[in-house]
Amino acid sequence: MVVEQKATIIESAVPYEKKWMEKWKQARIFEADPDPSKPKFMICVPYSYQNGPLHIGHGFTFTRGDVYARFKRMQGYNVLFPWAWHWTGEAVAGTSERLKQGDQFIRKVLIEIDGVPPEIVEKFTDPAYISKYYTEENRKVVEAIGFSVDFRREFYTTDLHPYYSYFIKWQYNTLRKKKYVALGKHPVVWCPKCQSPTGDHDRLIGEGVSPQEYTIVLFSIDGAYLAAATLRPETIFGVTNIWLNPNHEYVLIEVDGKKLIVSRKAALKLSEQKKNVKILDAVNPDTLIGKYAKTPLIDIEVPILPAEFVDPDFGTGVVYSVPGHAPYDYAGLLTLKTSSKWDKYNIKEIVEKIKPISIIKVEGYGEYPAVEIVEKMKILDDKDPRLEEATREIYSKEFHSGVMKDNCREFSGKTVSIARDEVKHKLIEMKLGDVLWELPEKVVCRCGTECLVKIVENQWFLTYSDPEWKSKVKEHILNMKIIPEEARQWFLNVVDWLKDWACTRKTGLGTRLPWDPEWIVETLSDSTIYPALYTISKHLNQGLVKPEQLTDEFFDYVFLGKGEPAKLSNKLKIDLRLLKEMREEFLYWYPVDMRISAKELVPNHLTFYIFHHVAIFDEKHWPRGIAVNGMITIEGEKMSKSRGKFIPLKTAIARYGADATRCTLLLAAEDMDDPDWREKNVQEVKQMIEQFLKIVEEVARAELVEHTYMDRWLMSKLQKRIKSITMNLESLKTRKACHEALYGMYNDWKWYLRRTEGVISKKAKTFIENWVKLLAPFIPFTCEEAWSILGKEGFVSIESWPIVLGELISPEAELQEEVIIKLIEDVRRIINLIPGKKEKLTIYISSREKIDLIEEIYKIVEEEGQKNMGRIIKTIISKLPGKEKIASTLAKIYVDLISSLTPNYKLKTIINVAEREEEIYREAREFISKELGLGVEIYREGEQDIYDPLNKSEITVPLRPGIYIE
RNA sequence: GCGGGGGUAGCCAAGUCUGGUCAAAGGCGCAGGGCUUAGGACCCUGUCCCGUAGGGGUUCGUGGGUUCAAAUCCCACCCCCCGCACCA
């Protein structure tokens with residue numbers, strides 16, 4: 001199959017990005033082979049479904065993966081970051097089908113949103129072509145965005161691929177042997193016209209509606225049964241009558257050897273859910289109304305009455321009435337009492353005798369909650385729309401806090417939620433109950449047909465509900481690295497709640513089930529352990545092994561170590577060395593160290609991924625880590641092709657370049673927060689990246705001086721940045737890490753230049769080199785460019801990650817700068833407060849005696865917290881005779897100083913810097929003067945000839961000088 | 001309903017685990033200044049309220065509580081977003 005090349009040109013807005021992409025490719029620096037001398041790190045992201053272009057949502061998750069891969073690679077790990085394409089599923093077939101039918105909307109989306117050239121859209125009537133097309137295009141996007149992928153290992157899924165389906169066959173045979181696959185049946189939303197399940201996106205109406213389980217309760221009458229459907233079987237003890245809608249026709253049907261009376265529509269529904277449903281006869285409800293039927297379990301006779309609120313299209317069209325606890329039923333009785341419409345039935349007398357029966361005790365209500373709420377809301381008949389609301393209220397209250405009263409046989413004293421289940425089972429056991437699946441809301445298929453619920457028979461299930469399997473999975477989840485931590489509980493909950501999963505389909509692309517080939521393994525079920533395939537796909541892609549040679553025995557050996565390689569080599573005619581090499585390679589790379597995905601996959605794919613690994617592999621090969629992240633919004637809105645809120649990655653790259661796209665995404669969110677893509681942000685980031693490159697160019701050109709006064713500070717800051725960026729990356733806090741690497745470093749650099757007045761030292765160049773490295777995982781193209789501008793050989797992508805050099809950390813240099821910044825800040829505040837022109841700043845440094853007080857007061861604060869001001873004041877008075885009057889003010893300033901500095905600085909640092917305080921201001925005098933536009937004079941408290949008109953020198957404390965402005 | 005996440009200044013968004021350095025990072029917007037032929041970019045300053053000296057007052061969904069001290073801990077409530085299955 002040939003896919004047109006012109007459709008797949010991806011051009012970045014930034015010229016050098018293409019250059020580096022090609023150089024990487026040429027140098028093959030991202031191809032990873034086993035290397036026993038290095039620790040390995042295998043990272044992957046879930047492959048994406050090839051039914052459209054990769055978009056910025058993919059971009060977000062995948063960029064996080066790439067950043068982590070690049071980071072680990074620079075840290076010296078042998079990193080494997082593989083890639084593949086998901087073709088399995090029914091959506092692509094749906095697109096083809098719609099296109100064939102001439103659906104203009106889908107055509108428009110393909111051309112206008114996805115950017116498919118109009119002349120080839122016609123070929124999209126072949127589902128395989130679609131996936132092929134997007135795979136070709138998206139591969140180019142993955143390269144263009146700079147993901148550091150080993151493309152030798154690439155594959156796509158389904159039996160269209162030479163070997164993928166052999167792998168899936170092995171997987172399913174293995175699961176079946178272990179009894180994790182079983183036959184069963186399950187309800188689906190079904191279109192009778194299309195004769196297929198109607199998934200959410202195949203619907204015109206009823207998105208998100210899923211089948212709900214009703215209990216059928218059989219009331220016997222004349223050798224047949226009235227089949228009432230209910231969500232609340234426990235209310236059977238409060239039944240007073242049965243409702244039929246007299247305006248509609250009912251039918252007598254035979255199911256499982258029993259004769260049932262239901263509405264005509266219900267008969268149709270039942271026939272999709274039960275075998276051998278036969279319609280025997282029409283039944284006119286008039287012939288039943290006024291008669292009595294026998295209630296199961298309690299054997300009492302209840303009358304059959306007319307009610308128009310009964311919807312014959314819903315459930316069975318037969319409703320049993322519980323006026324004590326169901327507002328509709330009580331309202332139905334009210335209607336019968338007040339209206340003369342049904343006089344023909346002569347039921348007035350019967351109706352008069354009916355009294356609600358109280359069977360559930362619920363907080364906040366008396367005997368008859370339904371009666372109460374109907375009266376409270378002043379509802380007068382069964383046509384009142386507020387009955388919906390009343391029903392919801394009572395239903396919910398009783399379900400959550402209701403307890404069955406004494407008149408409920410063996411169910412008395414049980415909570416409603418438990419009794420409901422038990423009554424249902426009892427009824428079914430007695431063959432006086434059954435299950436009916438119903439759609440709580442109307443669902444209409446895209447073809448325009450109203451859907452119903454069908455029970456699909458002989459469906460294959462993955463038995464996720466198996467308690468042993470579950471508990472193994474849960475135990476492993478407790479031991480995994482899960483990022484962020486909150487996701488762990490979510491996983492555990494999902495495992496608890498997961499039921500058996502229908503793992504086969506009849507339509508769409510995929511792999512046939514080996515033992516039952518009319519079924520195709522469903523999309524979420526054929527993509528669980530494929531990362532294992534990456535470890536050997538490199539060899540398979542070379543064509544040295546034919547697909548037919550990939551038998552179950554082959555995979556048993558390579559992945560599970562079963563069997564004798566020599567024998568197997570003989571049998572399969574696979575070179576023994578190659579066979580062993582594949583086994584070795586699997587053992588080298590596996591398990592997956594980190595899998596990164598959006599959080600929407602937690603309740604399905606990611607959990608399945610753990611389940612299947614646990615089921616199939618040795619424990620040492622189970623996944624080590626999972627990181628999940630939020631889902632993209634665009635300008636605050638959910639992504640949506642139909643509303644135009646959709647940005648393909650190729651578009652972002654073409655508009656802003658790969659690095660700006662990556663960086664904008666990374667800066668948008670981390671953990672489970674949803675990132676928001678904003679045009680304004682990406683513009684801003686693009687400029688910032690340009691600014692960064694400009695700085696690198698300037699430094700590369702600059703005449704470097706040997707040393708500046710700010711070098712120590714700059715190096716110290718650098719160490720802190722390295723530490724923080726590394727720590728954040730380690731736990732995939734990509735937002736924080738990227739922010740600090742870009743803006744944090746930038747701020748340090750700006751301050752450095754501001755202080756040195758643009759003079760750049762050799763150390764400063766070191767800072768810039770480190771900056772390039774620290775940014776390399778985030779904006780790799782720009783960093784390669786920067787690296788070469790700095791005159792460096794090779795790729796920064798495979799340089800070593802900076803490590804913290806403890807000896808370069810200088811708290812004194814940092815504190816010194818802080819003191820200067822604080823001084824300037826204080827002066828500015830005062831300048832803004834006092835009127836008039838300011839020309840001169842006088843700084844007063846505290847007397848030397850005050851330095852000793854720092855330690856003494858520090859000790860008091862340590863011992864007693866900040867409470868004991870008295871003791872601090874006394875200490876000050878004893879050390880500074882004659883300062884009694886201002887001792888309390890000084891005490892406060894001291895305490896402020898100490899409590900603000902001690903979290904970051906050791907006492908010794910503070911004292912050392914205080915000793916040098918005068919020197920610090922004298923050194924920075926010119927800078928301070930320039931910053932503030934004031935002349936600067938410096939005095940020490942107590943100095944002779946001191947100029948101090950406001951007596952500011954007196955209330956000074958070390959590192960908190962007095963200020964006088966005039 | 002169940003499960004998960006969240007409500008912070010004009011807006012976006014950190015901080016919450018590990019209470020005090022938080023009137024609260026960063027960005028945007030806005031205002032003033034510098035640079036520039038001009039604009040853009042860039043740089044500096046300001047941006048809750050009050051204050052002619054580095055101070056004070058009131059804030060972090062709402063209401064309580066714990067504490068010398070709460071955006072941060074505890075309880076209750078209100079509101080928003082996401083998932084709930086055969087769909088990738």
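Naming convention: chains lettered A, B, ... in sequence-line order (proteins, then strands); numbering from 1 in each chain.
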Q. Taking protein heavy atoms under 4.0 Å as touching, what does nucleotides 49-54 of chain B look like 5' to 3' if B marks base contact, S marks sugar-phosphate-only contact and - marks none?
A. --BBBB
Q.
Does the protein touch nucleotides 8-14 of chain B at the base, only the backbone, or not at all? Give it as B, S and - per nucleotide, heavy atoms under 4.0 Å.
A. ------S
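Contacts of T463(A) classified as side chain to side chain contact (heavy atoms under 4.5 Å, CB included), with partners at least two apart in sequence or in another chain: Y180(A), A182(A), D466(A), W469(A), D500(A).
The pair E825(A)-R828(A) does not count as a salt bridge, with every side-chain nitrogen at least 4.0 angstrom from each carboxylate oxygen. By the 4.0 Å N-to-carboxylate-O rule, D826(A) lies too far from R960(A) to be salt-bridged with it. Salt bridge present: K840(A) and E937(A) bring a charged side-chain N and a carboxylate O closer than 4.0 Å. Salt bridge annotation for K717(A)-E817(A): absent, with no cationic side-chain nitrogen under 4.0 angstrom from a carboxylate oxygen.
Picking from A88(B), C82(B), A41(B) the nucleotide with the shortest atom distance to the side chain of Q687(A) gives A41(B).
Distance noted for atom C1' between A70(B) and A53(B): 31 Å (whole Å). U8(B) sits 14 Å from G15(B) when the P atoms are compared, rounded to a whole Å. Of the P atoms belonging to G19(B) and C80(B), the separation is 32 Å, rounded to the nearest Å.
In this structure, R735(A) is not positioned above the aromatic face of F60(A) in the sense of NZ or CZ being under 6.0 Å from the six-membered ring centre and within 45° of the axis.
Among the heavy atoms of the strands lying under 4.0 Å from N493(A) are primed sugar atoms or P, OP1, OP2 only; no base atom is included. Within the 4.0 angstrom heavy-atom criterion, no nucleotide atom of any strand lies near E690(A). Across all strands, S48(A) comes closer than 4.0 Å to no nucleic acid atom at all (heavy-atom distances). Within the nucleic acid shown, Y743(A) has no heavy atom closer than 4.0 Å to any nucleic acid atom.
Between Y939(A) and Y947(A) the shortest side-chain heavy-atom distance falls below 4.5 Å.
Between F692(A) and Y746(A), the gap from one ring centroid to the other reaches at least 6.0 Å.
Taking side-chain N and O atoms only, Y746(A) has no distance below 4.0 Å to OP1 or OP2 of G27(B).
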Q. Passes side chain to side chain donor-acceptor pair (under 3.5 Å), S724(A) versus E740(A)? Steps please.
A. CA-CA 8 Å; S724(A) 159; E740(A) 192 149 357; 2.7 Å; yes
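Pairing for U37(B) is absent, with no Watson-Crick or G-U wobble pair whose two atom distances lie under 3.5 Å.
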